[in-house]
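For ligands, and for the atoms within them, numbers begin at 1 and follow the listed sequence. Counting begins at 1 with the first residue of the sequence.
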Amino acid sequence: MKSKKVSESTTIMTQAVLPNDTNPLGNLFGGQLLSWMDLASSITAKRHSEGIAVTASVNNVSFNAPIPLASVVTLEANITRAFSTSMEIMVDVWVENKSGQEKRQVNNATYIFAAVDGNGKKRAIPEIIPETEIQKKRYNEAAFRKEMALIFAGKLSMKDAENFCNHFK
Ligand SMILES: CC(C)(COP(=O)(O)OP(=O)(O)OC[C@H]1O[C@@H](n2cnc3c(N)ncnc32)[C@H](O)[C@@H]1OP(=O)(O)O)[C@@H](O)C(=O)NCCC(=O)NCCS
């Protein structure tokens, strides 16, 4: 299977915050943002794996600033690392100022998707080629985050988590 660049599966999605998307304070409802992030990251997972990919875990969701009604929100989902049948996708979220000239980052989240076939059976996926400094950093740290996700899901014991243990040495 041919390795792929991160940029080959990048997904960029822009949304406007409408009244139905807000909480009682008039800011974007967190569940709506989660839905947009899940959608953007699932498209990246589908593009990278060239088939069906299902959400296996959602990790490290940070809501760092409120997003007011009528804001223009841009989400960018990039694969950070492909494992055997699963892949980590990171979503960064920015909000534009009123003139649309400046963007500030307000959120980010990490998702893990599992590649499956039409019968839900897992399937192998291509590796990735990290190119930029940020891509290399995210790639190197992804193995640690994957083990953290498996530990939290009760699918891996801490004593078997090689990257997790090395991280604290
Ligand atoms: C995710 C799912 C396919 C995993 O199936 P499984 O039988 O547990 O298979 P495995 O344990 O071999 O997991 C497959 C891959 O996913 C990874 N994975 C499974 N659960 C994970 C979790 N909670 N966190 C991180 N990675 C996980 C495994 O490590 C493995 O990765 P690898 O092959 O790259 O090393 C299965 O649990 C599932 O279908 N879940 C429901 C998905 C869903 O409906 N999502 C929401 C709607 S899209």
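Among M87, R81, K146, the one residue that satisfies the side-chain contact (heavy atoms from CB on, under 4.5 Å) test with I112 is K146.
Atom 26 (N) of ligand 1 lies below 4.0 Å from at least one non-hydrogen atom of the protein. Checking atom 36 (C) of ligand 1 against the protein gives no heavy-atom contact under 4.0 Å. In this structure, atom 41 (C) of ligand 1 is not in close contact with the protein, since no protein heavy atom lies within 4.0 Å of it. Remark: atom 48 (S) of ligand 1 lies closer than 4.0 Å to at least one protein heavy atom. Atom 32 (P) of ligand 1 is flagged as protein-proximal [any protein heavy atom, distance under 4.0 Å]. Under the 4.0 Å distance rule, the nearest protein heavy atom to atom 4 (C) of ligand 1 falls outside the cut-off. Closer than 4.0 Å to atom 11 (O) of ligand 1 lies none of the heavy atoms of the protein.
Taking atom 8 (O) of ligand 1 as the reference point, the nearest protein heavy-atom neighbour is K155 NZ, 3.8 Å. Scanning all protein heavy atoms for the shortest distance to atom 14 (C) of ligand 1 gives T85 OG1, 3.6 Å. Among all protein heavy atoms, the one lying closest to atom 23 (N) of ligand 1 is A153 CB, 3.5 Å. Of the protein's non-hydrogen atoms, the one nearest atom 18 (N) of ligand 1 is L150 CD2, 4.0 Å. Looking only at heavy atoms of the protein, atom 44 (O) of ligand 1 is closest to V54 CB, 4.7 Å. Residue, atom and distance of the protein heavy atom nearest to atom 16 (O) of ligand 1 are S86 CB, 3.7 Å. Looking only at protein heavy atoms, the nearest one to atom 28 (C) of ligand 1 is K146 NZ, 4.1 Å. Among protein heavy atoms, atom 45 (N) of ligand 1 sits closest to T55 O, 2.9 Å.
Side-chain heavy atoms closer than 4.5 Å link hydrophobic residues (I, L, V, M, F, W, Y) into clusters, and following such links, possibly through other members, connects V17 to M13.
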| task | Please step through side chain to side chain donor-acceptor pair (under 3.5 Å) for the pair N107 and Q105, ending with a clear verdict. | result | CA-CA 6 Å; N107 294 77; Q105 188 166 1; over 6 Å; no
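Using a distance-only test at 3.5 Å, with no hydrogens or angles considered, a donor-acceptor pair links the side chain of S99 to the main chain of Q101.
In summary, R104 and D92 do not engage in a salt bridge, as defined by a charged side-chain N under 4.0 Å from a carboxylate O. Between K137 and E141, at least one side-chain nitrogen of the basic residue sits less than 4.0 Å from a carboxylate oxygen of the acidic one, meeting the salt-bridge criterion. Between R47 and E8, no side-chain nitrogen of the basic residue sits less than 4.0 Å from a carboxylate oxygen of the acidic one, so the salt-bridge criterion is not met.
With a 4.0 Å heavy-atom cut-off, ligand 1 is reached by the side chain of S57 but not by its N, CA, C or O. By the criterion of a heavy-atom distance under 4.0 Å, the side chain of I112, and not its backbone, is placed next to ligand 1.
The contact set between ligand 1 and K122, taken as ligand atoms under 4.0 Å from a residue heavy atom, comprises 10 (P), 12 (O), 14 (C). Every atom of ligand 1 with a heavy atom of A149 under 4.0 Å away is listed here by number and element: 24 (N), 25 (C).
The two residues I129 and Q135 make their nearest non-hydrogen contact at O-OE1, 4.3 Å. Here the shortest heavy-atom pairing between T44 and A77 reads OG1-O, 3.0 Å.
Counting heavy-atom neighbours within 6.0 Å of E127 CD, excluding the residue itself, gives a total of 12 or less. Around atom CG of N20, no more than 12 heavy atoms belonging to other residues, nucleotides or ligands sit under 6.0 Å away. Heavy-atom contacts from other residues, nucleotides or ligands closer than 6.0 Å to CZ of F83 number more than 12.
Among A124, A114, S84, the residue whose heavy atom lies closest to atom 2 (C) of ligand 1 is A114.
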